[in-house]
Amino acid sequence: MLKEILFRNKTNFQFVFATIGALIGLTALCLSFQLMLDVQSFHSGEEDLFGPNSVVIQKKVTKLSSLGMNSTDFSDKEVEELRNKEFITDVAPFESADFRVAISEVEGDGLPPFYADMFFQSIPDRFLDLDVDWDWNEESEYIPIVLPRDFIMIINYGIAQSQGFNQISEELMLAARLTIHIKGKDGNTKMIGRVVGFSQKISSILVPKSFLDHANEKYGSGNKIQPNRIFITTVDDSYGELEELMEDMNLDIAKSAIDVAKIKTIIGVVIGIFGIAAVLIMLLSLMGFVQYSQLVLSKASYEIQTLLRLGYSIKMIVKTFIKQMAITFGIITVSAISIMILIKLLIVDVWLDENGIQLESSSLIPAILLALICFGIFVGANFLNVKKTVRNLGE
């Protein structure tokens with residue numbers, strides 16, 4: 001009876017308009033949120049798609065550099081200037097070995113005989129793009145080494161063929177030991193090293209900072225080595241500033257790093273705009289439901305006042321009204337979640353699969369929770385509005 005009295009004069013057009021808007025907005029919001037979670041699992045080969053832009057910078061080698069008239073090292077002042085750039089959040093110069101180093105095989109470990117001059121460098125652990133056992137001290141059994149992934153590709157598809165020895169698998173390289181030949185101020189020494197991983201984005205042979213500091217002190221000449229390569233982390237949407245920095249400091253940055261920054265910016269902007277549009281549609285639909293509630297209650301003002309005089313409480317009237325609205329919001333929420341899942345499974349995932357893009361499907365629970373939060377906001381906002389309106393009618 002109470003329900004029939006309250007909704008007898010409802011305006012269907014505004015109710016339908018608000019319902020459709022809420023359904024479209026909530027579906028778009030959940031879908032954009034789910035896509036953002038899915039895209040976070042994508043790896044470009046160098047970077048996570050969403051995350052800090054970490055790039056290695058170095059100065060270009062010019063004709064003057066070749067003649068020894070121009071240095072490619074970064075001075076302390078230039079490093080400090082990089083730290084002061086607003087779009088750069090982290091700066092870490094590469095530390096280099098102050099001694100000569102070479103590597104060769106350990107007989108019996110499966111690697112073909114070889115001897116090659118090398119170079120060791122070190123960076124802070126936070127810049128490593130892989131999880132490895134990276135601790136070293138003077139009691140350690142071996143020196144952990146991280147190689148560029150391109151290094152083993154060059155060996156297998158270039159050196160191995162030209163030198164006539166078998167190709168080397170990553171598993172063998174990780175299992176085999178290496179002899180490290182160090183030539184320093186106090187003569188020569190040998191140590192054992194072991195490859196613990198392969199880096200996708202760092203084209204240097206890396207060793208732990210603890211080892212490099214120890215070795216430089218023990219075997220180095222004592223001269224200060226200025227860095228010629230620097231790792232920097234930039235904020236999102238900063239590829240324009242990065243290109244400008246390249247021109248100002250005559251830097252050489254891998255084109256792929258710039259391209260990744262652009263792709264991250266474009267995808268972030270597109271999904272962001274999609275999400276913002278969804279939020280605006282949701283707000284408009286919420287306002288539509290608020291206005292709808294006020295209109296229905298206004299048209300039923302005489303009936304509400306009569307019910308209050310007959311002993312019906314404000315709480316009972318509000319509860320009856322909100323119960324009907326909650327059912328409507330519940331149907332909208334369930335429908336939005338269902339449509340979002342269908343779009344993802346039948347359209348987005350199929351398109352990605354057909355184009356050879358593999359994404360790790362994220363859990364749907366966060367998107368469902370977001371929909372439930374929106375449901376709670378809708379019910380809560382309308383509850384406060386209805387309660388205030390009914391109270392005013394009862395005064």
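Count residues from 1 along the sequence. None of these values were measured; they are calculated from a predicted model.
Annotation: cation-pi pair Lys183/Tyr219 absent, no NZ/CZ under 6.0 Å from the ring centroid and within 45° of its normal.
Contact check for Val279 versus Leu29: side-chain heavy atoms found under the 4.5 Å cut-off. The shortest side-chain heavy-atom distance between Leu178 and Leu111 falls under the 4.5 Å cut-off. Between Leu384 and Lys388, every side-chain heavy-atom pair lies at or beyond the 4.5 Å cut-off. Using a 4.5 Å heavy-atom threshold, the side chains of Glu170 and Arg149 count as touching. Side-chain contact between Val55 and Ile232: present, with at least one pair of heavy atoms (C-beta onward) separated by less than 4.5 Å. Residues Phe33 and Pro366 are in side-chain contact: their nearest non-hydrogen atoms beyond the backbone lie under 4.5 Å apart. Between Val348 and Leu35 there is a side-chain heavy-atom pair separated by less than 4.5 Å. A heavy-atom distance below 4.5 Å is not found between the side chains of Ser199 and Pro148.
Distance alone, capped at 3.5 Å, places no donor-acceptor pair between the Thr333 side chain and the Phe375 backbone. Between the side chain of Lys59 and the backbone N or O of Asp73, at least one donor-acceptor pair lies under 3.5 Å. The main-chain N or O of Phe114 is found under 3.5 Å from a side-chain atom of Glu105 such that the two form a donor-acceptor pair. Using modelled atom types, no side-chain atom of Asn228 and backbone atom of Thr72 make a donor-acceptor pair closer than 3.5 Å. Put simply, the side chain of Ser210 gets close to the backbone of Trp136: a donor and an acceptor are under 3.5 Å apart. The backbone N or O of Ser75 lies less than 3.5 Å from a partner atom in the side chain of Glu78, making a donor-acceptor pair. A donor-acceptor pair is defined here as one N or O able to donate and one able to accept, closer than 3.5 Å; such a pair exists between the side chain of Ser122 and the backbone of Lys209. With hydrogens and angles disregarded, a donor-acceptor distance shorter than 3.5 Å links the side chain of Asp109 to the backbone of Arg177. With hydrogens and angles disregarded, a donor-acceptor distance shorter than 3.5 Å links the side chain of Asn382 to the backbone of Phe378.
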| Run the side-chain contact (heavy atoms from CB on, under 4.5 Å) check on Ile182 and Ile180 step by step: do they pass? | CA-CA 6 Å; Ile182 295 177; Ile180 309 299; 4.0 Å; yes
| task | Determine, stepwise, if the pair Phe120 / Phe99 fulfils ring-ring contact (aromatic ring centres under 6.0 Å, His included). | result | CA-CA 9 Å; Phe120 282 164; Phe99 51 87; 7.1 Å; no
| task | Dump the intermediate steps for side-chain contact (heavy atoms from CB on, under 4.5 Å) on Ile202 and Val146, then the final yes or no. | result | CA-CA 9 Å; Ile202 305 173; Val146 169; over 6 Å; no
| task | Given side-chain contact (heavy atoms from CB on, under 4.5 Å), test Asp349 with Lys344 step by step and report yes or no. | result | CA-CA 6 Å; Asp349 288 356; Lys344 180 181 182 304; 3.2 Å; yes
| said: For Ile152 and Leu147: C-alpha separation, side-chain torsions, deciding distance, then whether side-chain contact (heavy atoms from CB on, under 4.5 Å) applies. | reply: CA-CA 8 Å; Ile152 197 169; Leu147 294 177; over 6 Å; no
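Shown here for Leu23 and Thr27, the closest heavy-atom pair between the two residues is O-OG1, 2.7 Å. For the residue pair Pro144 and Asp135, the shortest heavy atom distance occurs at CG-O, 3.9 Å. Across all non-hydrogen atoms, the minimal contact from Gly197 to Leu130 is CA-CD1, 3.6 Å. Across all their heavy atoms, Leu26 and Met282 have their closest contact at N-SD, 3.1 Å. When all heavy atoms of Ser32 and Phe274 are compared, the closest pair comes out as CB-CD2, 3.3 Å. Taking every heavy atom of both residues into account, Arg126 and Ala92 meet most closely at NH2-CB, 4.3 Å.
Only one option out of Leu128, Ile145, Val196 pairs with Leu206 in a side-chain contact (heavy atoms from CB on, under 4.5 Å); it is Leu128.
By the neighbour-count criterion of 12 heavy atoms within 6.0 Å, atom CZ of Arg100 is sparsely surrounded, having that number or fewer from other residues, nucleotides or ligands. Other residues, nucleotides and ligands place more than 12 heavy atoms under 6.0 Å from the CG atom of Asp117.
Once rounded to the nearest 0.5 Å, the distance linking CG of Leu251 with CD1 of Ile230 reads 8.5 Å. From His181, atom NE2 reaches atom CE of Met191 across 12.5 Å, with rounding to the nearest 0.5 Å.
Contact check on Arg83 versus Asp90 returns no salt bridge, with no Lys/Arg side-chain nitrogen under 4.0 Å from an Asp/Glu carboxylate oxygen. Using a cut-off of 4.0 Å between Lys/Arg side-chain N and Asp/Glu carboxylate O, Arg194 and Glu141 are scored as not salt-bridged. For the pair Glu241 and Lys85, the salt-bridge criterion is not met [side-chain N within less than 4.0 Å of a carboxylate O].
Following chains of ILVMFWY side-chain contacts shorter than 4.5 Å, one can reach Ile347 starting from Ile339, so the two form part of one hydrophobic cluster. A continuous path of hydrophobic side-chain contacts links Leu174 to Val207 [ILVMFWY only; heavy atoms under 4.5 Å]. Side-chain heavy atoms closer than 4.5 Å link hydrophobic residues (I, L, V, M, F, W, Y) into clusters, and following such links, even through other members, never connects Ile225 to Ile205. Side-chain heavy atoms closer than 4.5 Å link hydrophobic residues (I, L, V, M, F, W, Y) into clusters, and following such links, even through other members, never connects Ile143 to Tyr115. Ile341 and Leu372 fall within a single hydrophobic cluster, where Ile, Leu, Val, Met, Phe, Trp and Tyr side chains are chained together by heavy-atom contacts under 4.5 Å.
By the 30° and 60° cut-offs, the orientation of the rings of Phe231 relative to Phe94 is parallel.
Ile331 belongs to a hydrophobic cluster whose remaining members, ordered by chain and number, are Ile327; membership requires side-chain heavy atoms of ILVMFWY residues under 4.5 Å apart, directly or through intermediates.
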